[in-house]
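Atoms within each ligand, like the ligands themselves, are counted from 1 in listed order. No hydrogens, no waters, no symmetry mates; every other heavy atom, side chains included, goes into these values.
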Amino acid sequence: MHAFNLQPKTLSLAERLADLAVDALIGEADLSPKPALVDRRGNGAHTDLHLGLMHASALSLWPAFKEMAQAAIESGEVGVPLREAVGRIGREGEQAMLATTAGVNTHRGAIWALGLLVTACALEPESSAAGPIALRAARLALIDDRYAPRPLSHGAQVAQRYGARGAREEAQLGFPSVLQRALPQLKRSRALGHGEQNARLDALLAIMTNLADTCVLYRAGEHGLQTMQLGAQAVLDAGGSASLAGRRRLHELDEQLIALNASPGGAADLLAACLFIDRIESGAF
Ligand SMILES: CC(C)(COP(=O)(O)OP(=O)(O)OC[C@H]1O[C@@H](n2cnc3c(N)ncnc32)[C@H](O)[C@@H]1O)[C@@H](O)C(=O)NCCC(=O)NCCS
Ligand SMILES: Nc1ncnc2c1ncn2[C@@H]1O[C@H](COP(=O)(O)OP(=O)(O)OP(=O)(O)O)[C@@H](O)[C@H]1O
């Protein structure tokens with residue numbers, strides 16, 4: 001008899017969903033060259049983040065994603081009890097993240113977006129279509145969580161100043177940036193044979209063309225947001241990340257956004273959401 005069981009352990013549904021969520025975060029972090037974001041090249045516009053921290057943070061969230069999926073399986077329906085359970089687990093995940101990063105916000109928006117999507121998937125594991133998953137996530141996001149603290153977050157300050165409702169609204173509308181922009185662009189660029197990394201960069205740019213990213217608004221105001229949106233569109237118009245002209249535009253956009261300290265963190269979170277849904281749609285679980 002062997003001392004070790006060498007058989008691969010069969011993962012539960014909740015564990016597989018947590019794996020996919022963490023994979024999506026690592027895929028987003030590693031993707032390079034992303035404008036002004038942490039990637040394999042460097043720290044973009046961030047002084048307090050680096051790639052190792054993004055990886056460690058992503059891994060620290062695995063238990064929270066698993067617990068959210070388990071809560072969905074046990075509850076079986078969208079409703080106040082599940083919303084409040086997921087809110088509590090999300091806040092615990094945030095504490096695990098902050099303990100790992102010594103207090104730096106690496107993945108706040110991603111816990112929210114991916115947490116809702118993991119929960120939505122676990123509610124109906126037989127259905128892998130993006131539309132119904134996003135709709136279930138939106139229904140959850142629309143439910144009020146009475147225990148959620150209401151801090152004067154960067155997002156809340158930007159909402160007061162510019163009227164942008166950020167991460168919450170994106171989820172409540174069923175992730176339009178992911179379903180209507182990122183996923184179609186990812187598929188278009190893949191179909192053109194642009195290569196997976198370029199297709200992912202194009203998907204990120206497609207999100208950036210239209211998003212009211214509260215990270216950018218907080219750090220660089222409306223001018224920063226406009227620079228991000230127009231610059232991302234210019235890259236896509238020039239032929240996307242796979243073309244020489246598009247790459248030149250992408251490099252310019254990176255420099256412009258770094259000069260403005262305008263890191264599109266919300267767009268990055270939504271790219272992770274896009275990569276997650278793409279894996280679900282392709283039958284990964
Ligand atoms: C809704 C959240 C994101 C708070 O949003 P708020 O705008 O107040 O906060 P904050 O300034 O910290 O921004 C959160 C993050 O969202 C991302 N983001 C920014 N803009 C956007 C956008 N337009 N769309 C999507 N994500 C965005 C950014 O990465 C940013 O870091 C969430 O953290 C929350 O409500 N937490 C409470 C605990 C809870 O219920 N958790 C549930 C986990 S499923
Ligand atoms: N690759 C990435 N690089 C940088 N940020 C990312 C990346 N992926 C996701 N993000 C998101 O961007 C956010 C970081 O933005 P930001 O630094 O503005 O946050 P903050 O701590 O709220 O603000 P500040 O650093 O201005 O005090 C994180 O919440 C995270 O969700």
Proximity winner for [atom], if only heavy atoms of [options] are counted:
{"atom": "atom 8 (O) of ligand 1", "options": "Ala156, Gly155, Ser153", "answer": "Ser153"}
{"atom": "atom 14 (C) of ligand 1", "options": "Gly90, Gly109, Ala272, Ser177", "answer": "Gly109"}
{"atom": "atom 21 (O) of ligand 2", "options": "Leu31, Leu271, Asn105, Asp269", "answer": "Asn105"}
{"atom": "atom 23 (N) of ligand 1", "options": "Gly266, Ala212, Ala167", "answer": "Ala212"}
{"atom": "atom 4 (C) of ligand 1", "options": "Gln172, Met68, Arg108, Glu169", "answer": "Arg108"}
{"atom": "atom 32 (C) of ligand 1", "options": "Phe65, Trp112, Tyr147", "answer": "Trp112"}

message: Tell me the closest heavy-atom pair linking Ala29 and His55, and the distance in Å.
response: CB-CD2, 4.3 Å

- prompt: Tell me, do Arg181 and Pro176 make a side-chain contact under 4.5 Å, heavy atoms counted?
  reply: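 The answer is no; the side chains never approach within 4.5 Å.
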
ILVMFWY clustering at 4.5 Å (side-chain atoms), partners of Val104: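 Other cluster members: Val38, Leu49, Leu51, Leu53, Met54.
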
query: Linking Ile, Leu, Val, Met, Phe, Trp and Tyr through side-chain heavy atoms less than 4.5 Å apart, which residues share a cluster with Leu152?
result: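 None, because no other hydrophobic side chain comes under 4.5 Å of this residue.
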
Identity and distance of the protein heavy atom lying nearest [atom]:
{"atom": "atom 44 (S) of ligand 1", "result": "Val86 CG1, 3.4 Å"}
{"atom": "atom 24 (P) of ligand 2", "result": "His154 CE1, 3.7 Å"}
{"atom": "atom 15 (O) of ligand 2", "result": "Cys215 SG, 3.6 Å"}
{"atom": "atom 3 (N) of ligand 2", "result": "Val38 N, 3.0 Å"}
{"atom": "atom 34 (C) of ligand 1", "result": "Arg168 NH2, 4.2 Å"}
{"atom": "atom 19 (C) of ligand 1", "result": "Thr214 OG1, 3.0 Å"}
{"atom": "atom 11 (C) of ligand 2", "result": "Gly265 O, 3.4 Å"}
{"atom": "atom 1 (N) of ligand 2", "result": "Glu28 OE2, 2.8 Å"}
{"atom": "atom 24 (N) of ligand 1", "result": "Glu170 CB, 3.5 Å"}
{"atom": "atom 18 (O) of ligand 2", "result": "Arg219 NE, 3.1 Å"}
{"atom": "atom 30 (C) of ligand 2", "result": "Thr106 O, 2.8 Å"}
{"atom": "atom 31 (O) of ligand 1", "result": "Cys215 SG, 3.7 Å"}

statement: If we number the atoms of ligand 1 from 1 as shown, the ones under 4.0 Å from a heavy atom of His154 are 11 (O)

- line: Only one of Arg88, Arg150, Arg168, Arg91 passes salt bridge (charged side-chain N to carboxylate O under 4.0 Å, His left out) with Asp145, and that residue is Arg91

query: Short check: is a protein heavy atom less than 4.0 Å from atom 37 (C) of ligand 1?
result: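 Under the 4.0 Å cut-off, atom 37 (C) of ligand 1 has no protein heavy-atom neighbours at all.
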
query: Relative to the heavy atoms of Ala268, which atoms of ligand 2 are at a distance of less than 4.0 Å?
result: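 Answer for ligand 2: 7 (C), 8 (N), 9 (C).
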
Is it the side chain (CB and beyond), the backbone, both or neither of [X] that lies under 4.0 Å from ligand 1, heavy atoms counted?
{"X": "Asp269", "value": "side chain"}
{"X": "Asp213", "value": "both"}
{"X": "Leu270", "value": "side chain"}
{"X": "Glu92", "value": "neither"}

- request: Could you see which bit of Asp39 sits under 4.0 Å from ligand 2, with heavy atoms only: side chain, backbone, both or neither?
  value: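 Looking at Asp39 and ligand 2, no heavy atom falls under 4.0 Å.
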
query: Does Ile143 offer a backbone N or O that forms a donor-acceptor pair with the side chain of Arg83 under 3.5 Å?
result: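 Flag set: sc Arg83 to bb Ile143 pair under 3.5 Å.
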
- request: Indicate whether any N or O donor in one side chain lies under 3.5 Å from an N or O acceptor in the other, for Gln197 and Arg200.
  value: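 Side chains of Gln197 and Arg200: no pair found under 3.5 Å.
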
